[in-house]
Undergrad: 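This is the structure, below, for whatever I ask next.
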2 protein chains.
Amino acid sequence: MFSKACEYAIRATLLVASHSLMDERVSVKDIAEATASPVAFTAKIMQQLNRCGILYSVQGKQGGFEMTKEQMQATKLSQIVTLIDGDRVFTGCGLGLRECNALKPCPLHERFSSVRGELKAMLDETTVLDLALGLKDGLTFLRT
Amino acid sequence: MFSKACEYAIRATLLVASHSLMDERVSVKDIAEATASPVAFTAKIMQQLNRCGILYSVQGKQGGFEMTKEQMQATKLSQIVTLIDGDRVFTGCGLGLRECNALKPCPLHERFSSVRGELKAMLDETTVLDLALGLKDGLTFLRT
DNA sequence: CAGAAAAAGGATAATTTTGTCCTATTTAAA
DNA sequence: TTTAAATAGGACAAAATTATCCTTTTTCTG
Ligand code: FES
Ligand code: FES
């Protein structure tokens, strides 16, 4: 469904958010540990998330990553997916035709575009804050 | 969403089905041309589809691939997906946790498993015959 | 100020997925 | 019976994704 990079990005963002709710800053090392992700790969993803303003970083000793509550409210899951994987999962043809076009539909178009629309709606309606709250309260988890 | 191999598999199966409805046999070359897929890669996929009985092949000159109407009715899209990509798209965690477990859910579990269930239901309810009919009638397409 | 901890970023490596090539086998038709 | 067209299948190659390593820069702390 999503690439590994995208899964790591969402997990990392949610971890940073849940810690920011408790006014804690987290390092890449912390993030990788808490989300069971490879450290250096996660570091690259954090750079992308920082560059596009989904969260922010503090360099130097005692540095790490944080999010403001505004960032948590403003960031929809769909934005993270689009940033990392592009919009193919939201707009592409389920059978891989070059474009999904209702005027020249693939055999699965009608059924697939409906499900794809629900996926998009779900990710558009879900903010980082929505998910970070359950994580902070220990109701949900980011690793086994 | 699906791998390239899986997209090719579905497109190829639907092409064979629509031709079988007109009592025509199709070669790998025909399939690759009609679905805009790489020939040799498609050939490998056809072998898988044949081995597991989704369709059948006839070797030798004038050979090719065909499906019986029974095969078309019996084959659900979900079977082709599972054959090529496995069942991760139907059962896996949206955030990539090792297993999707409602007792230790990821933050997206509730919302994701709902959409994933609709995808599965859609592919379970759709047979190759369902889709081949529109293709035969020129209402849907397998390439741009 | 010096040293250490941490992010930034470039280069490279491993793995998986996708795609190609070539040979053997099967079968219809000339 | 020979030839040609087609699938079967193994080996290999290219590309994309995932992952690691190493150096530089920043900034806190002693
Ligand atoms: S054309 Fe295939 S999903 Fe729209
Ligand atoms: S645990 Fe993540 S989707 Fe179920």
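In what follows, chains carry the letters A, B, and so on, assigned in the order in which the sequence lines appear, proteins first and then strands, with residues in each chain numbered from 1.
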Undergrad: Just how far, in rounded Å, is P of dA6(C) from CD of Gln47(A)?
TA: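 It is 16 Å, rounded to the nearest whole Å.
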Undergrad: Within this structure, what is the CZ-to-P distance between Phe65(A) and dA5(C), rounded to whole angstrom?
TA: 18 Å
Undergrad: Would you say dA8(D) has OP1 or OP2 under 4.0 Å from some side-chain N or O of Ser57(B)?
TA: yes
Undergrad: About how many Å separate CG of Leu119(B) and CG of Asp124(B), when rounded to the nearest 0.5 Å?
TA: 9.5 Å
Undergrad: Verify the cluster assignment for Val128(A) and Leu133(A): are they in a single hydrophobic cluster under the rule of side-chain heavy atoms below 4.5 Å apart?
TA: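 The answer is yes; both residues are in one hydrophobic cluster.
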Undergrad: Let me have a per-nucleotide readout for nucleotides 23-30 of chain D, 5' to 3', with B, S or -, counting only protein heavy atoms under 4.0 Å.
TA: ---BBBS-
Undergrad: Does any N or O in the side chain of Thr126(B) come within less than 3.5 Å of the main-chain N or O of Leu123(B), such that one atom is a donor and the other an acceptor?
TA: no
Undergrad: Asn50(A) side chain N/O closer than 4.0 Å to the phosphate oxygens (OP1, OP2) of dA7(C)?
TA: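 No, Asn50(A) has no side-chain N/O under 4.0 Å of OP1/OP2 on dA7(C).
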Undergrad: In whole Å, I'd like the distance from the CD1 atom of Ile31(A) to the P atom of dA8(C).
TA: 10 Å
Undergrad: Which whole-number value in Å describes the distance from Asp85(A) CG to dA16(D) P?
TA: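 Atom-to-atom, Asp85(A) to dA16(D), this comes out as 15 Å.
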Undergrad: Look at Ser27(B) and dA5(D) and indicate whether a side-chain polar atom (N or O) is within less than 4.0 Å of OP1 or OP2.
TA: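 Checking dA5(D) against Ser27(B), no side-chain N or O comes under 4.0 Å of OP1 or OP2.
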Undergrad: Working to the nearest 0.5 angstrom, can you tell me the gap between Leu97(A) CG and Leu95(A) CG?
TA: 6.0 Å
Undergrad: Output yes when at least one side-chain N/O atom of Tyr8(B) is less than 4.0 Å from OP1 or OP2 of dG19(C), else no.
TA: yes
Undergrad: Identify, between Val28(B) and Phe41(A), the residue whose nearest nucleotide on DNA chain D lies closer to the 5' end.
TA: Val28(B)
Undergrad: Let me know, please, whether Lys4(B) or Met46(A) comes out on the 5' side of the other along DNA chain C by nearest nucleotide.
TA: Met46(A)
Undergrad: Any luck finding a side-chain donor-acceptor pair between Thr82(B) and Asp87(B) under 3.5 Å?
TA: no
Undergrad: Strictly below 4.0 Å: does Arg51(A) bring a side-chain N or O up to OP1 or OP2 of dG9(C)?
TA: yes
Undergrad: Just to be sure I understand the rule, does Lys44(A) reach a base, reach only the sugar-phosphate, or reach nothing, if contact means heavy atoms closer than 4.0 Å?
TA: base
Undergrad: Would you confirm whether Ser20(B), through its side chain, and Met67(B), through its main-chain N or O, come within 3.5 Å as a donor-acceptor pair?
TA: yes
Undergrad: Quickly work out the Ile45(B) CD1 to dT17(C) C1' distance and round it to whole Å.
TA: 11 Å
Undergrad: Please report whether the ring centroid of Tyr8(B) lies less than 6.0 Å from that of Phe41(B).
TA: yes
Undergrad: Using whole Å, report how far NZ of Lys29(B) lies from C1' of dT20(C).
TA: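 So the NZ-C1' distance, Lys29(B) to dT20(C), works out to 17 Å.
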Undergrad: Could you state the atom-to-atom distance from CD of Glu7(A) to C1' of dA19(D) in whole Å?
TA: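 Between C1' of dA19(D) and CD of Glu7(A): 15 Å.
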Undergrad: Rounded to whole angstrom units, what separation is found between the OH atom of Tyr56(A) and the P atom of dA8(C)?
TA: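 From Tyr56(A) OH to dA8(C) P: 13 Å.
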